[in-house]
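Only one structure is covered here, and it is reproduced in the block below.
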Amino acid sequence: MSVKHVLTTCPYCGTGCNLFLTVADGRAVGVIPCKTDETSQGQLCIKGYNAHAFVHHPDRLTHPLIRKGEQLTQAGWDEALQKTVDEIKRLVAEHGPDSIMVLASAKCTNEENYIFQKLARAAIGTNNIDHCARLCHASTVAGLLQSFGSGAMTNTIPEFEDADCLLVTGSNTLEAHPLIGARMLKAMEKGAKVIVVDPRDTPLSRIATISMRQKPGTDVAWINGMINVIISEDLYDHDFVAERTSGFEELRELVKSYTPERVEEISGVPKQHLVDAARIYATADKAMIAYAMGITQHSNGTNLVRTLANLAMVTGNVGKESTGVNPLRGQCNVQGACDAGALPNLYPGYQGVEDAEVRAKFEKAWNGELQAHKGMTLTCAFNQAFTGEVKGMVIFGENPMMSDPDIGHIEAAIQKLEFLAVIDIFPTETAKLADVVLPAACYAEKDGTFTSTDRAIRVVRKAVDPPGEARPDWRIACELGRMLGNDGFEFDSPADIMNELAAVAPIYGGIDYERIDRENVRWPCPSKDHPGTKVLHAGSFKIGKGVFAIVEHTPPMEETDEDFPFILTTGRNLFHFHTGSMTRRSVKLQRESPEPYVEICSEDARQLDVLEGQSVRVSSRRGSITLAARVTDWIRPGTIFIPFHYAEAAANRLTNNALDPIAQIPEFKVCAASVEKA
Amino acid sequence: MSSATPNAQSQEKAEGDDFEPKIIVFCCNWCSYAGADLAGVSRLQMPPHFRVIRVMCSARVDPEFVLRAFQKGVDGVLVAGCHPADCHYIGGNYRTRRRIALLRMLIQQFGFDPDRLRLEWISAGEGEKFQKTMVSFTKTIEEIGPSPMGGGD
Amino acid sequence: MRIAFEEMKADRLLTARTEHGNVAPVLLARGDEPGELRTDVPYQMANILLRVVPYLGSDKIAVVARRCDEKAIAEMSKRGLLDSGKISLIGLACDAEQVSECRCSDPCPSKVHIGECVKASPTDKVVEDLLAKSISERLEFWTAQFRKCNKCFGCTSNCPVCFCDECLLEEKTFTPEKGIPPGFAFHLIRSIHLADKCVECGECERACPADIPLLALRKMVNRDVKELFGFVSGDGETTSPLLTTLDGDSMEGDNDVC
């Protein structure tokens with residue numbers, strides 16, 4: 001008998017904390033923080049401390065399952081894989097490769113995502129590959145790519161500590177990214193001013209220097225308003241604007257009408273707060289913007305991200321330490337899944353599929369012809385499944401039956417599919433509808449890498465064996481690729497896959513396993529002797545000059561009316577993670593937050609005669625759910641909040657699938673809803 | 001910048017004549033509860049601001065009961081038990097004594113007036129002592145003022 | 001370091017070493033390749049020991065232990081959680097830097113095998129400052145500190161003397177599941193529970209992502225316990241004053257605390 005401590009990366013948010021899994025007799029029994037880790041510094045959040053808790057849960061999938069009539073019945077690997085391959089081949093033959101959609105996973109490693117997209121592109125022959133970044137930061141990738149030329153966090157996590165001003169919006173950092181929040185607290189201790197803009201009071205906003213509660217869906221207005229103040233009070237960085245940006249005069253014209261008075265009218269942010277916030281942000285030596293879903297999950301998400309980029313550029317807060325525009329990515333490897341090319345329009349390393357030169361390079365590397373047009377996004381794929389154009393789906397480690405907007409619609413779309421294969425670790429809501437279910441290994445049971453939100457490539461190390469017959473996703477995908485007749489899937493280990501990824505994606509060019517085993521490297525890292533990059537856009541932007549976007553305020557797609565008088569916004573809480581398939585199977589986390597609830601402000605609750613803990617029915621135009629009321633003063637009157645972790649009252653039954661026209665990200669953060677006593 | 005700090009929470013509550021202290025009294029079943037009963041039966045006049053919780057022994061009062069009461073916004077906590085050497089369970093009240101002494105130190109470190117917590121020995125026959133204790137404790141709490149926790153969490 | 005196996009005849013050695021560019025706690029068996037052993041990173045070895053012991057049967061274990069680990073192990077043995085006969089301590093004297101970080105008043109293990117003892121830190125500035133505050137200033141201070149709490153349970157998970165099977169802090173009666181921050185009772189319940197066992201290792205403070213000066217709070221409570229009962233935790237013999245009554249020796253102060 002022995003006990004070992006295996007250094008690995010936390011499977012929850014994108015912060016990328018390293019931790020030790022305590023393994024005794026082949027079981028993960030506990031977690032010890034890693035004191036020398038640059039990111040976590042020996043500290044973790046409650047989810048990190050419970051990262052071992054779901055690994056050996058009895059619900060884990062242990063055998064392949066095949067649908068026989070109504071039932072999913074146990075099958076052998078050969079049979080299940082063969083059935084999957086046969087169905088894919090049949091659909092490709094009958095309807096062409098674009099009738100298949102492959103969903104990759106931000107919970108899988110870089111290597112696995114590379115294999116998933118290769119499976120779609122090289123083996124099946126379609127660019128229809130996407131993953132849940134579509135639901136979280138697709139607008140960041142698109143927006144920052146247009147403004148700066150690179151769609152990732154411009155700075156790094158440790159830099160938060162040294163900023164003089166932090167502008168945090170649409171991010172409940174202390175709950176959703178606790179260890180990044182910890183850095184913010186350290187900055188505050190050192191005297192940094194913190195401005196939080198959020199319709200809810202969050203643990204951070206309660207201790208912030210300025211907290212502004214805007215009406216959901218009015219973010220362009222207050223950001224333009226801040227720029228208005230900065231320009232009219234001549235607080236902008238003249239040199240930076242002149243040397244490194246283009247389009248400033250148009251921006252100056254645009255923001256003229258966004259006076260603090262008008263912004264207050266639109267967004268409800270008191271004008272004095274706006275003016276103060278603008279002054280603090282503009283006059284700080286080093287100011288960082290951090291944002292998350294509250295900015296991106298809007299029908300104008302891409303433009304919103306660009307507006308934030310405007311704000312940073314106007315004040316010259318880009319390209320230096322402790323500045324920049326910093327999207328906080330929510331999944332352990334959502335950054336890496338994007339990097340590895342699990343996007344319908346981009347090959348690994350953000351290289352466009354429609355660029356002939358790039359395509360030629362990949363055709364050579366993968367030894368076969370590739371599709372010349374962009375593939376379908378995740379959100380689009382479900383619409384097309386509903387209308388019958390998409391016939392088959394292969395879903396690796398995602399749970400759209402919980403995570404996507406308007407679940408009723410998703411369910412109907414899935415019912416229309418001719419074939420659905422789900423590869424997952426738990427029998428998720430989506431897996432229950434599948435024709436073939438394959439059991440996968442979780443993070444503790446395989447080797448690989450995750451890329452954290454600040455572009456650091458973090459190592460995931462195998463600690464225990466997968467349960468039953470479960471296999472790592474990369475092996476499953478490689479097997480499918482081989483069986484589909486492609487010879488590019490002969491990999492022995494994730495290290496081999498990383499070598500191929502490094503060879504085709506220049507930003508990962510200098511990455512190899514020997515190096516990252518010891519070193520915390522951040523991309524872009526084009527060669528073995530390159531130290532990696534902490535601050536993006538130092539000196540110049542990838543696209544030359546930064547581009548100011550001209551964006552007017554537009555109301556959200558769905559506004560309140562008499563029948564649906566409340567604005568519903570959704571999000572995470574501290575104790576659970578996304579669709580809850582892992583955290584709700586962790587005893588301690590489940591204890592901390594066992595039931596679904598809706599936050600409603602005390603004034604509204606009084607009018608509806610609803611008391612704390614009472615059951616209420618929340619409805620939107622798409623459905624209704626019943627859950628407990630949590631009466632609080634931490635939310636704006638007229639706005640309600642539901643965490644989306646709970647299958648028994650899934651917030652996404654209600655949300656709107658209105659899409660951002662550029663990034664096709666759904667508007668999770670605003671829809672009209674009604675509340676009544678149940 | 002402090003002018004623009006909407007989060008600066010005022011924990012002050014209206015003080016003065018209209019302050020009605022909320023007081024929790026833990027009474028041991030064998031002595032103090034009977035003492036309280038006697039005070040009532042004897043129609044002794046007492047301030048009306050306290051609620052009695054009967055426990056089998058004053059040692060049943062875990063420190064967390066007291067802390068929870070303070071967290072919920074009570075203004076004072078009184079623990080009443082049998083006189084030394086009279087404990088129905090032989091040594092319960094000795095433990096209580098040490099525990100409450102420590103607890104008083106602890107709440108003082110946190111920033112609560114230690115006099116918000118009091119331990120008193122009241123036997124079954126001491127109805128009058130119960131009444132006097134309540135009068136003086138209520139007066140003490142009124143002097144200290146409302147709990148800084150306001151309405152509690 | 002091999003002395004652990006030869007001199008102490010241990011079957012296992014719990015220490016820390018370089019792994020993957022980091023420092024990791026490691027449990028070595030006789031004959032294992034030791035690698036680069038490290039003593040400069042303060043992993044809470046007593047806590048780790050308590051977690052690994054259930055899996056090691058009758059093996060004898062040597063632990064590289066600082067003074068605080070030693071005291072924590074004594075508290076554990078006293079409560080029957082460890083069989084002290086199975087544990088050998090390799091005394092590690094903290095260096096000056098470590099001592100000043102912990103503001104440690106008792107840095108020297110009873111038997112030193114590694115390093116040299118340095119002088120104890122005479123005072124704890126954080127504690128002194130707090131004691132100088134008025135009662136309302138203290139309230140303000142702690143309220144602001146506790147408001148940052150993110151309920152990670154890092155202070156309990158890493159604490160060597162936090163070993164109840166059922167934790168009251170995970171019980172909804174006392175810490176309702178209302179998100180964060182958990183309220184001051186969370187921290188004070190912990191304080192009172194540790195009052196007769198805290199060895200001032202400072203791990204709670206180091207593990208706190210919100211930088212709440214928890215070590216200072218622990219030290220203040222320990223001072224009170226010492227003042228009231230003359231009790232100092234960390235030895236294997238003296239029973240906690242919160243558990244004793246008049247049977248056995250009466251403790252000083254029994255007659256005047258109330």
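In this text, all values refer to a predicted model and were calculated from it rather than measured experimentally. A note on names: the letters A, B, ... follow the listed sequences, proteins ahead of strands, and every chain is numbered from 1.
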When you measure from the side chain of C/Y55 to the backbone of A/V23, do you find a donor-acceptor pair of N or O atoms at a distance under 3.5 Å? no

Could you look at A/K35 and say if it's the side chain, the backbone, both or neither that has a heavy atom under 4.5 Å from chain C? both

Do A/K186 and C/D211 have side chains that approach each other closer than 4.5 Å (heavy atoms only, starting at C-beta)? yes

For A/K588, is it the side chain, the backbone, both or neither that has a heavy atom under 4.5 Å from a heavy atom of chain C? side chain

Engaged part of C/N47 at the chain A interface, taking heavy atoms whose separation is under 4.5 Å: neither

Quick one: what part of A/E612 sits under 4.5 Å from any heavy atom of chain C, side chain, backbone, both or neither? side chain

Checking A/R461 against chain C: side chain, backbone, both or neither under 4.5 Å from a heavy atom? side chain

Report which part of A/D25 has an atom under 4.5 Å of a heavy atom belonging to chain C: side chain, backbone, both, or neither. side chain

When heavy-atom pairs shorter than 4.5 Å are enumerated against chain A, which of C/P25, C/S157, C/A16, C/G21 gives the highest number? C/P25

A/P178 versus chain C, the contacting section by heavy-atom distance below 4.5 Å: both

Got a second to check how far C/I180's CD1 is from A/E592's CD, nearest 0.5 Å? 10.5 Å

So, taking the atom named OG in A/S2 and the one named CZ in C/R12, what distance separates them when rounded to the nearest 0.5 Å? 4.5 Å

Would the distance check show the side chain of A/R591 and the main-chain N or O of C/E170 forming a donor-acceptor pair, the cut-off being under 3.5 Å? yes

CZ-NE2 distance between C/R17 and A/H5, expressed to the nearest 0.5 angstrom: 12.0 Å

By a 4.5 Å heavy-atom criterion (distance strictly below it), what part of A/V459 contacts chain C: side chain, backbone, both, or neither? neither

When every non-hydrogen atom of A/Y49 is compared with those of C/A207, the smallest separation belongs to OH-CB, 4.2 Å

Option from C/T18, C/D40, C/N22 for which side-chain hydrogen bond (donor to acceptor under 3.5 Å, both in side chains) with A/T36 holds: C/N22

How long is the straight-line distance from CG of A/L185 back to CD of C/Q145, given to the nearest 0.5 Å? 10.0 Å

Chain C: which of A/V3, A/T22, A/D37 shares the most heavy-atom pairs with it under 4.5 Å? A/V3

Has C/N150 got a side-chain atom pairing as donor or acceptor with A/C45's backbone, closer than 3.5 angstrom? no

Please assess C/K151 against A/E175 for the test salt bridge (charged side-chain N to carboxylate O under 4.0 Å, His left out), listing each intermediate value before the final yes or no. CA-CA 10 Å; C/K151 216 178 177 185; A/E175 293 199 57; over 6 Å; no

Heavy-atom side-chain proximity of A/Q43 to C/R206 below 4.5 angstrom: no

Quick check: are there more than 12 heavy atoms from other residues, nucleotides or ligands sitting under 6.0 Å from CD of A/E514? no

With rounding to the nearest 0.5 Å, note down the distance linking CZ in C/R51 to CD1 in A/I32. 5.0 Å

Measure the shortest side-chain to side-chain distance between A/I207 and C/K148 over non-hydrogen atoms and say whether it is less than 4.5 angstrom. yes

Heavy-atom closest pair (C/P209 atom, A/L179 atom, distance to 0.1 Å) is CB-CD1, 4.4 Å

Do A/P33 and C/N158 touch side chain to side chain, with heavy atoms closer than 4.5 Å? yes

Less than 4.5 Å to any heavy atom of chain C: does that hold for the side chain of A/L574, its backbone, both, or neither? side chain

So CD of C/E19 and CZ of A/R518: to nearest 0.5 Å the spacing works out to 11.0 Å

At a heavy-atom separation under 4.5 Å, does C/I212 approach chain A through its side chain, its backbone, both, or neither? neither

Under a 4.5 Å cutoff for heavy-atom pairs, which residue among C/P181, C/A210, C/P42, C/G57 has the most contacts with chain A? C/P42

Output yes when a side-chain donor or acceptor of C/R147 lies under 3.5 Å from a complementary backbone atom of A/R206, and no otherwise. yes

Region of A/E189 in contact with chain C, defined by heavy-atom distances below 4.5 Å: side chain

